[in-house]
Amino acid sequence: MKGSDFIRAVANRYASQLQLCYPQTLASISLAKTIHSHMITFGFHPRGHLLNRLIDVYSKSSKIIYARHLFDQIPEPDIASRTSLLLAYSLSGDVKTAQKMFEETPLSIRDSVFYNAMITGYSRNEDGNSCIELFRQMLRDEFRPDDFTFTTVLGGLARVFNKVMQCKQLHGLVLKTGTGFFTSVLNALVSVYVNCGLMFEARKLFDEIDTKDELSWTTIVTGYVKNDELDAARELVDGMSEKLAVAWNAMISGYVHCNRYDEAVDMFRKMYFMGIKIDEFAYTSVISCCANAGLFYLGKQVHCYVLRTEAKPTLDFSLPVNNALITLYCKCDKVDWARRIFDNMPVRDIVSWNAILSGYVNAGRIDEGRVFFSKMPERNHLTWNVMISGLAQNGFGEEGLKLFNQMKSEGFRPCDYAFAGAISCCSMLGALENGRQLHAQLVRLGLDSSLSAGNALITMYARCGVVEASNLLFLTMPYLDSVSWNAMIAALGQHGHGIQALELFEQMLEAGISPDRITFLTILSACSHAGLVKESQYYFNLMGRLYGITPGEDHYARLVDVLCRAGKFLEANDVISSMPFEPGAAVWEALLAGCRTHGNVDLGIQAAEQLIELIPHHDGSYVLLSNMYATAGRWNDAANARKLMRDRGVRKEPGCSWVEVENKVHVFLVDDTVHPEVQAVYSYLNKLVPEMKRLGYVPDTKFVLHDIESDQKERVLSAHSEKLAVAFALMRLPRGATVRVFKNLRICGDCHNAFKFMSKVVGREIVVRDAKRFHHFRDSQCSCGDYW
DNA sequence: GTAGGGTTAG
């Protein structure tokens, strides 16, 4: 054998070995390295086709550095090696370098494949306009577009909005160039029509394809799914002779996204029994289905199946499967299970981190959430949104607003969801001015038609005491969903407009929106705040009978609440005994609140004792129990209840009230000595009280629940935090402006009485939001009708 | 050496 023949034989041998590196797997990278190092060890210098092959393998394994190293050793790289490397740069997201490479390649050695590769680069980086531009340049440079060119350009076009015109033009060109005989080109055209929402055109074209391949079928099926025409998609899938897993997977995820969970699970089961291969896509969708539908046991079963199947090695490493499992366990209150999966994952991405973060936050485990947030290697919009709204939901409004600002300063432009979170923070703080500013920013950014932000604003205005603004927003929002209706009904209810709340509910039904369990919770609350006993019973029964919603403990608790507030303890008792489960904390709490209002000491003490047994760390029950004893004059028992509380290390949440004045929040505690202007507040009150007394105000010292001398009691009364905050606001707000004060606990009975007289004396409206509801004091009346 | 479908976090 001659030397040159020998070298050719070795080269062929290497070439056939390199062929084993396709298609790309983890193993093929190390195989390529082995072959390459073999060449180096034996002093073999690859050239020409073999070198291109090596560059191509490295390029495709995202080992661009190796590929580039080899490439730089070639004095005059040919078009094939340039194409491989250019594509590698594009696919790694480095379009700039790819583009540079394209421009540096002389026109004389370019070919159509080279143009196609660059177009692919733009397409993969979602730059549809550059796809078109380069396509035009290709024509100017007098290269013939082929089937690959059209497929790629159309693929790029499918990623841009507003491309109906270009699509039609390209369709024409396809017909002119004769590339319309290629199924791949027609598939790409169908895909663009699909993405324009033109399903009629898409279907017409699909029907005209003589040689439909798998992709033709999956394109049209997924097209229907994307355009929410699930039934049309299903009809095609059922009629297909070949069972394509891709089409079935698309159906499953489509059903999940439309909340059609039964059909999703059904489809998955059929897939299994028909022997269609279940891959990571199907598993991911069905697990996500279980997460959304709360199907814990089925989800766990699928998880077990994943662990047992022969595909386990690949599924174990599958990011989407693991991420879906994290969400499944988070949504089923098993955050620690989710965490274990997270900890065992060999590779994690931002989705995994966000999933756990939202798990912690939604479970109220905000401390762990904070730690997790601070440790995240990467954050995106969702990360911030989850954290901000999580802080809002867990009572950390101030921190949430700080985070919102931090988000902006770190260069993230908040979207409507972030605004919704920040607005919720304002809701809980009662930070009306701040909330108004956020509203203004939304309008400026053109985000004010957003549903999530709008719904948050409805709640914010209501929770800040301006229910009229909520109503105005509700009436002018371009789109409403059930959350909007629920928010508005709740807003009316909190402010004591029970009848209007019920009227709105009827309008909701007329608008064709189906009520959910939240709707009925807000309805029952509204009835409670307005004392609408008959109505509450009516809607409670309606919920199950007409809408098939099984009342939960929370619904029962609210019904009990309405009855107890009306003093109907016997009926409340009947409701409790009719419950299909043991009464929990919410029910006892409702009972206790009613007993407190009506001075039903015996029953109240029973309820409080049950409550203390159920949640021994909750301060309110001890305080109420102690207060009940005190009301009955049983000071020893009262003291014992407080002692029990101390012995168990339970601290009473101190009463505090706050008010926004000149865009600053002023906080007052009981007997406050901290606020810089508190002395002025006390002397203002001392001037006001005699005037109130002239109108008939008698300080009601029974609300001072310490066993002290009665002359001191009146002084303690006037130092209540809500009185201080109201007085401060009266002093500092412009003449005639409505006072809006917030309190973390329920308003004290004497303060409630005092504010009625105060509103008359100063001729202004005083609005107080306490832990339960709103009180509008106007002209010696309160909107709650002394019913709270 | 170039194309195209289905998955996960609020």
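Order of the sequence lines sets the chain letters (A, B, ...), proteins ahead of strands, with each chain counted from 1.
Note on L325(A): nothing from the nucleic acid sits closer than 4.0 angstrom, heavy atoms only. Within 4.0 Å (heavy atoms only), D56(A) reaches sugar-phosphate atoms of the nucleic acid but no base atom. Across all strands shown, D111(A) has heavy atoms under 4.0 Å from base atoms, whether or not it also approaches the sugar-phosphate. Note on R348(A): nothing from the nucleic acid sits closer than 4.0 angstrom, heavy atoms only. Residue-level contact check: S184(A) touches the bases, meaning some heavy atom is under 4.0 Å from a base atom. Contact annotation for D213(A): base contact, defined as any heavy-atom pair under 4.0 Å involving a base atom. If you check every strand for non-hydrogen atoms under 4.0 Å, R53(A) touches sugar and phosphate atoms only. Looking at heavy-atom distances under 4.0 Å, N380(A) makes contact with a base.
For the pair R144(A) CZ and dT2(B) P, the interatomic distance rounds to 21 Å; values are reported in whole Å. Between the CG atom of L244(A) and the P atom of dG4(B) there is a distance of 18 Å, rounded to whole Å. Taking atom CG on N249(A) and atom P on dG6(B), their separation rounds to 11 Å, with Å as the unit. When rounded to the nearest whole Å, the span between CZ of F317(A) and P of dT7(B) equals 24 Å. In this structure, the CG atom of L51(A) is 13 Å from the P atom of dG1(B), given to the nearest Å. Atoms CZ (F181(A)) and C1' (dA3(B)) sit 20 Å apart, rounded to a whole Å. As rounded to whole Å, 12 Å separates atom C1' of dT7(B) from atom CG of D349(A). As a whole-Å value, the separation of Y283(A) OH from dT7(B) P is 18 Å.
Distances shown here put every side-chain N or O of R159(A) at or beyond 4.0 Å from the OP1 or OP2 atom of dA3(B). Under 4.0 angstrom from either OP1 or OP2 of dT2(B) there lies at least one side-chain N or O belonging to K60(A). Distances shown here put every side-chain N or O of K212(A) at or beyond 4.0 Å from the OP1 or OP2 atom of dG5(B). For dG6(B), neither phosphate oxygen OP1 nor OP2 lies less than 4.0 angstrom from any side-chain nitrogen or oxygen of H257(A). For the pair S253(A) and dT7(B), the criterion of a side-chain N or O lying under 4.0 Å from OP1 or OP2 is met.
Side-chain proximity of A80(A) to dG1(B), dA9(B), dT2(B): nearest is dG1(B). Checked against dG5(B), dT8(B), dA3(B), the side chain of T284(A) finds its nearest nucleotide in dT8(B). Side-chain proximity of V246(A) to the nucleotides dG5(B), dG1(B), dG10(B) is greatest for dG5(B). When the nucleotides dG4(B), dG1(B), dA9(B) are ranked by their closest atom to the side chain of T151(A), dG4(B) comes out on top. Of the candidate nucleotides dA3(B), dT8(B), dG10(B), dG10(B) has the atom lying nearest to any side-chain atom of K331(A). Distance from the side chain of V351(A) is smallest for dT8(B) among the nucleotides dA3(B), dT8(B), dG1(B). Candidate nucleotides dG6(B), dG10(B), dT8(B) were compared by shortest atom distance to the side chain of F281(A), and dG6(B) ranks first. Among dG1(B), dT7(B), dG10(B), the nucleotide with an atom closest to any side-chain atom of P320(A) is dT7(B). Proximity note for A117(A) (side chain, C-beta onward) versus dG5(B), dG6(B), dT2(B): the nearest is dT2(B).
Aromatic pair W384(A)/Y417(A): centroids not less than 6.0 angstrom apart. Aromatic rings from F150(A) and F182(A) are positioned such that their centres are separated by 6.0 Å or more.
Listed by chain and number, the residues in a ring pair (Phe, Tyr, Trp, His ring centres under 6.0 Å) with Y261(A) amount to none (sequence neighbours excluded).
Contact check on E368(A) versus R339(A) returns no salt bridge, with no Lys/Arg side-chain nitrogen under 4.0 Å from an Asp/Glu carboxylate oxygen. Under 4.0 Å is where a charged nitrogen must lie from a carboxylate oxygen, and between D78(A) and R82(A) no such pair does.
A donor-acceptor pair shorter than 3.5 Å cannot be found between the side chains of N187(A) and T219(A).
In this pair, F143(A) and Y115(A) present their aromatic rings tilted. The plane angle is within the 30 to 60° band.
For S84(A) against dG1(B), a side-chain-to-base donor-acceptor contact under 3.5 Å is absent.
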